[in-house]
Each structure stands twice: as C-alpha cells, then as structure tokens.
Trainee: 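Before anything else, here's the structure in question.
Heavy atoms only: backbone and side chains are in, while hydrogens, waters and symmetry mates are out. By convention in this document, chain letters (A, B, ...) are assigned in the order of the sequence lines, proteins followed by strands, and residues within each chain are numbered from 1.
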Amino acid sequence: MEQQDYLAKFWLVIGHIPEGKVATYGGVAEMAGYPRMARAVGRCLKTLPEGSNLPWHRVINAKGMISFPEGSPQYQCQRQRLEDEGIIFRNNKVPLTQHLWLGD
DNA sequence: AACATGACCTTTG
DNA sequence: CCAAAGGCCATGT
C-alpha cells in the first residue's frame, strides 16, 4: 500500500507543526519528502478519521488562505481555531511572513 | 473528470 | 526595492 505510506508521512509532518504557526500543503509535502504532492496532502486531510488528534487546521495553501469558500462552515471553523491559537487574519488571509512554519 | 494546490508572471501599494 | 494580490497553466492522485 504505497498510498498509505506517504499519507502516514503527511500525518507525521502535520503533527509536528508547532502551535501558533501554520504550514502550506506544498510545504508539508516537501518536508515529508514528496515534492509536488500538495494536492495529495489535501486529499490526506480530506480522508482523515474522525477520532484523529491531527491539527489539520494549521495547514493552509500557499496564498496564506484557507482552501475553503468563505461562506462554508469549514472555513469559519478552521479560521476560528487558528485565531484561538494566536494566529491573526488579515483580509481573510494569514500573513505567511509571520506565521509560516519553515520546518523544524 | 475533479480536487482542502503550487509556481510563475505582472501590477499595485 | 520588497510585499501582496490576481490570473493562467502545470503536477499528481
């Protein structure tokens, strides 16, 4: 099951994201050792089990914004959670120059 | 064919 | 000059 292999690595990297910081899909993919697999990361989060303690809310796209439509409950949920960790929002976007987690 | 994206390029502040 | 924002095409599942 090669698919499960990189999915597991994505989970590991995402779990290493410190509180108050965020990472991009591509960044997670690259840190996991699978460049150009940003969308696979999104797919990974999409198939997350309900009982997982994975901080998926700290993963955003390269634009610094949440990959969900603004009117979506998922968007508000993720944003609320990020702000709760001390991450600020600017025009519905996050200043990556301030919160982006470059790695360990 | 569709997707929880990224990079490159150009314009604005 | 650097940072941010929007548009178009490329990548891999």
Side-chain angles (χ1 to χ4, degrees):
Chain A
M1 296 188 172
E2 301 90 357
Q3 196 164 358
Q4 299 293 306
D5 192 62
Y6 64 72
L7 289 181
K9 216 141 187 185
F10 292 156
W11 291 337
L12 190 63
V13 174
I14 294 168
H16 281 172
I17 302 175
E19 189 175 297
K21 289 271 192 178
V22 294
T24 64
Y25 294 97
V28 171
E30 183 136 307
M31 283 183 243
Y34 293 88
R36 294 322 177 279
M37 273 188 141
R39 289 203 82 175
V41 176
R43 196 183 155 84
C44 172
L45 298 181
K46 181 186 195 177
T47 61
L48 270 182
E50 298 177 11
S52 87
N53 50 335
L54 201 69
W56 59 271
H57 51 273
R58 292 179 192 154
V59 185
I60 55 181
N61 64 25
K63 304 284 194 291
M65 38 196 212
I66 297 171
S67 290
F68 287 114
E70 234 181 271
S72 194
Q74 303 243 67
Y75 176 93
Q76 308 235 17
C77 178
Q78 183 169 6
R79 170 170 179 164
Q80 187 68 72
R81 215 153 163 164
L82 289 173
E83 290 189 304
D84 188 64
E85 294 193 350
I87 297 173
I88 60 163
F89 269 72
R90 188 126 163 187
N91 191 359
N92 292 325
K93 303 163 209 161
V94 178
L96 294 176
T97 58
Q98 188 175 346
H99 289 294
L100 180 61
W101 181 57
L102 303 174
D104 216 25

Trainee: Would you mind telling me which of C/dG12, B/dT5, C/dT13 lies closest to the side-chain atoms of A/R36?
Mentor: C/dG12

Trainee: Whether the side chain of A/N61 engages the backbone of A/K63 through a donor-acceptor N/O pair (distance < 3.5 Å, no angle test) should be reported.
Mentor: yes

Trainee: Verify the contact: side-chain N or O of A/T24 to OP1 or OP2 of B/dT5, cut-off strictly under 4.0 Å; return yes or no.
Mentor: no

Trainee: Check each of A/R81, A/E85, A/K21 against A/R58 using the side chain to side chain contact (heavy atoms under 4.5 Å, CB included) test, and report the only one that passes.
Mentor: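 Single side chain to side chain contact (heavy atoms under 4.5 Å, CB included) partner of A/R58 among A/R81, A/E85, A/K21: A/E85.
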
Trainee: To the nearest angstrom, how far is A/K63 atom NZ from C/dA3 atom P?
Mentor: 17 Å

Trainee: Please check the phosphate of B/dT5 (OP1 and OP2 only) for any side-chain N or O of A/R39 closer than 4.0 Å.
Mentor: yes

Trainee: Spell out, as yes or no, whether a donor-acceptor pair under 3.5 Å connects the side chain of A/Q78 to the backbone of A/H57.
Mentor: yes

Trainee: To the nearest Å, give me how far apart CG (A/L48) and P (B/dA4) are.
Mentor: 13 Å

Trainee: Could you tell me the separation between the CG atom of A/L100 and the P atom of C/dA3, rounded to a whole number of Å?
Mentor: 13 Å

Trainee: Roughly, in whole Å, what's the span from CE in A/M65 to P in B/dG6?
Mentor: 11 Å

Trainee: Any carboxylate oxygen within less than 4.0 angstrom of a Lys/Arg side-chain nitrogen, looking at A/E83 and A/R79?
Mentor: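 Judged by the 4.0 Å cut-off on N to carboxylate O distance, A/E83 and A/R79 do form a salt bridge.
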
Trainee: Taking side chain to side chain contact (heavy atoms under 4.5 Å, CB included) as the criterion, tell me which of A/Q76, A/Q74, A/E70 meets it with A/S72.
Mentor: A/Q74

Trainee: Look at the side chain of A/K46 and decide which nucleotide, out of C/dT13, B/dA4, B/dG6, has an atom nearest to it.
Mentor: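 The closest nucleotide is B/dA4.
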
Trainee: To the nearest Å, give me how far apart CE (A/M37) and P (B/dA4) are.
Mentor: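 Rounded to whole Å, this separation is 16 Å.
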
Trainee: If B/dA4 has a Watson-Crick or G-U wobble mate with both distances under 3.5 Å, name it; if not, just say none.
Mentor: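 Base partner found: none.
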
Trainee: Does any nucleotide pair with C/dT11 by Watson-Crick or G-U wobble geometry, both distances under 3.5 Å, and what is it?
Mentor: none

Trainee: Whole angstrom is fine here: how far is it from CG in A/N61 over to C1' in B/dG6?
Mentor: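 After rounding, the reported distance stands at 9 Å.
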
Trainee: Please state whether the phosphate of C/dA5, meaning OP1 or OP2, lies under 4.0 angstrom from any side-chain nitrogen or oxygen of A/K93.
Mentor: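 Yes, within the criterion.
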
Trainee: Choosing from C/dA5, C/dT13, B/dC3, which nucleotide comes nearest the side chain of A/A40?
Mentor: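 Closest of the options to the side chain of A/A40: C/dT13.
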
Trainee: Quickly work out the A/Q98 CD to C/dA4 P distance and round it to whole Å.
Mentor: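 After rounding, the gap between these two atoms is 10 Å.
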
Trainee: Using whole Å, report how far CE of A/M31 lies from P of B/dG6.
Mentor: 12 Å

